[in-house]
Novice: 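Below you'll find the structure I mean.
Proteins get letters first, then strands, A, B, ... in listed order; numbering begins at 1 in each. Here the structure is a predicted model, which is why all the values come from computation and not from measurement. What's counted below: heavy atoms across the whole structure, side chains too, no hydrogens, waters or symmetry copies.
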2 protein chains.
Amino acid sequence: MTRQRRVLLEILDQSDAHLDARTLCERAQKKIDIDRATVYRTLELLKQKGLIDELDLMHLHGEMHYFEARTGSEHFHLACYGCGKITEVEDGMFERLKKHVALHEGFKVQTARLEIGGYCRACTAQHKKKSRV
Amino acid sequence: MTRQRRVLLEILDQSDAHLDARTLCERAQKKIDIDRATVYRTLELLKQKGLIDELDLMHLHGEMHYFEARTGSEHFHLACYGCGKITEVEDGMFERLKKHVALHEGFKVQTARLEIGGYCRACTAQHKKKSRV
DNA sequence: GCTTACTTGCGAATGAGTCGCAACTTTAGA
DNA sequence: TCTAAAGTTGCGACTCATTCGCAAGTAAGC
Ligand SMILES: [Mn+2]
Ligand SMILES: [Mn+2]
Ligand SMILES: [Zn+2]
Ligand SMILES: [Zn+2]
């Protein structure tokens, strides 16, 4: 556990948002000297160790992926095409589905990613209002 | 509906595998003159229309995404880190979860992607055998 | 035939992520 | 404490999927 790795994990642990590699790198560089390549290498490492999760989030803001520290509680993500908001949802049904798959398909689950793209409540309401004009 | 678009949709409809943009382009070029850029533009269009789905598949074989025609039956994907195999799973629980989220969160679902990475039955068995040595 | 909107191919550009390598750091043993 | 091997880092060059600008091509309406 080097200084670089500790700082990166710290930032991920403390951030409640979903950070892409570049943003993570920028934040880390405010604290220590660290290179882009090291960030990518470390992210790969932390992922392997099961300490963080990589998210696609429907590539809502470009080509990059996002990262978040793995906490005890499992959740999945809703991405709004309208306002770009990401909502985290914790639902027992997701857990059950994962266990079901593991059992039924004989699949050893390492990571499970449920990502839903669409329109949040606010954006749907706004859209309805507009189309009524 | 131009010739280019028809051919691309045809290939996607007929293929049972998950095609990345480059492969799709190569296959289309065997039938007609078509450019990379047109493929990307058309994929975006077909996605918007809800005719195809874009998959991440844990970026198992590189940086690209994969595409598949949307059929009646909803399914999700298991990606094996060992052998690279992609398994499609159809499970009522997935449908129910989607409906539940739509209702409970007031979210208008456009696309839902459940992707699970881990080890398939065969790879898990092989791994156990190896570690017994 | 002329106007307009849409679509395409081409080549150049973008930008996230990777690689090779030499320098640096840590570890573990003599 | 010294030393050599193993692991990690920064740097710069590179890759390669995807996007963009633009001029030419196509389809449709009048
Ligand atoms: Mn992705
Ligand atoms: Mn599929
Ligand atoms: Zn929204
Ligand atoms: Zn496998």
Novice: Below 3.5 Å, does any donor atom in the side chain of A/Arg36 face an acceptor in the base of C/dG17, or the other way round?
Specialist: yes
Novice: With B/His18 as reference, evaluate B/His65, B/His61, B/His77 under the ring pair (Phe, Tyr, Trp, His ring centres under 6.0 Å) test and give the passing residue.
Specialist: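 Considering B/His65, B/His61, B/His77, a ring pair (Phe, Tyr, Trp, His ring centres under 6.0 Å) with B/His18 is found only for B/His77.
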Novice: Using atom CZ of B/Arg5 as one end and atom P of D/dG25 as the other, report the distance to the nearest whole Å.
Specialist: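 Taking CZ of B/Arg5 and P of D/dG25, I get 19 Å after rounding.
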Novice: In whole angstroms, how far is the P atom of D/dT15 from the CE atom of B/Met64?
Specialist: 18 Å
Novice: Please report, rounded to the nearest Å, how far the P atom of C/dA16 is from the CZ atom of A/Arg41.
Specialist: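 After rounding, the gap between these two atoms is 18 Å.
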Novice: For atom CG of B/Asp13, is the number of surrounding heavy atoms from other residues, nucleotides or ligands below 6.0 Å larger than 12?
Specialist: yes
Novice: Could you check how far CG of B/Asp35 sits from C1' of C/dC10, rounded to whole Å?
Specialist: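 Answer to the nearest Å: 6 Å.
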Novice: Using OP1 and OP2 only, check whether a side-chain N or O of B/Thr38 sits under 4.0 Å from C/dG9.
Specialist: yes
Novice: Around atom NZ of A/Lys108, are there more than 12 heavy atoms from other residues, nucleotides or ligands closer than 6.0 Å?
Specialist: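 Counting neighbours around NZ of A/Lys108, 12 or fewer heavy atoms of other residues, nucleotides or ligands fall under 6.0 Å, so no.
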Novice: Rounded to whole angstrom units, what separation is found between the NE2 atom of A/His59 and the P atom of C/dG15?
Specialist: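 Between P of C/dG15 and NE2 of A/His59: 16 Å.
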Novice: Assess whether one donor atom and one acceptor atom, taken from the side chain of A/Arg22 and the base of C/dG17, lie less than 3.5 Å apart.
Specialist: no
Novice: Under a 3.5 Å distance rule, please check whether A/Arg22 uses its side chain to pair with a backbone N or O of A/Arg36 as donor and acceptor.
Specialist: no
Novice: Hey, does the side chain of B/Gln4 come within less than 4.0 Å of C/dG9's phosphate (OP1/OP2), counting only N and O?
Specialist: yes
Novice: Look at all strands and tell whether A/Asp20 reaches a base, only sugar-phosphate, or nothing, counting heavy atoms closer than 4.0 Å.
Specialist: nothing
Novice: Can you tell me if B/Thr2 touches the phosphate of C/dT8, counting only side-chain N or O atoms and a distance under 4.0 Å to OP1 or OP2?
Specialist: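 For C/dT8, OP1/OP2 do have a side-chain N/O of B/Thr2 under 4.0 Å.
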Novice: Find the distance B/His61:NE2 to D/dA17:C1' and express it as a whole number of Å.
Specialist: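 Rounding to the nearest Å, NE2 of B/His61 and C1' of D/dA17 are 16 Å apart.
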Novice: Is there a side-chain contact between B/Arg3 and the phosphate of C/dT8, meaning an N or O under 4.0 Å from OP1 or OP2?
Specialist: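 It does not, given that no N or O in the side chain of B/Arg3 lies less than 4.0 Å from OP1 or OP2 of C/dT8.
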Novice: To the nearest Å, how far apart are B/Gln29 CD and C/dC10 C1'?
Specialist: 13 Å
Novice: Answer yes or no: is there a donor N or O on one side and an acceptor on the other, between the side chain of A/Thr23 and the main chain of A/Leu19, under 3.5 Å?
Specialist: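 No.
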Novice: Between D/dT26 atom C1' and B/Ile34 atom CD1, what is the distance in whole Å?
Specialist: 15 Å
Novice: Taking only side-chain nitrogens and oxygens of A/Tyr40, does any of them come within less than 4.0 Å of OP1 or OP2 of C/dG17?
Specialist: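 So the side chain of A/Tyr40 is within the cut-off, an N or O lying under 4.0 Å from OP1 or OP2 of C/dG17.
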Novice: Quick check: on DNA chain C, is the nucleotide nearest B/Glu63 upstream (toward 5') of the one nearest B/Leu45, or the reverse? Name the residue that is more 5'.
Specialist: B/Leu45
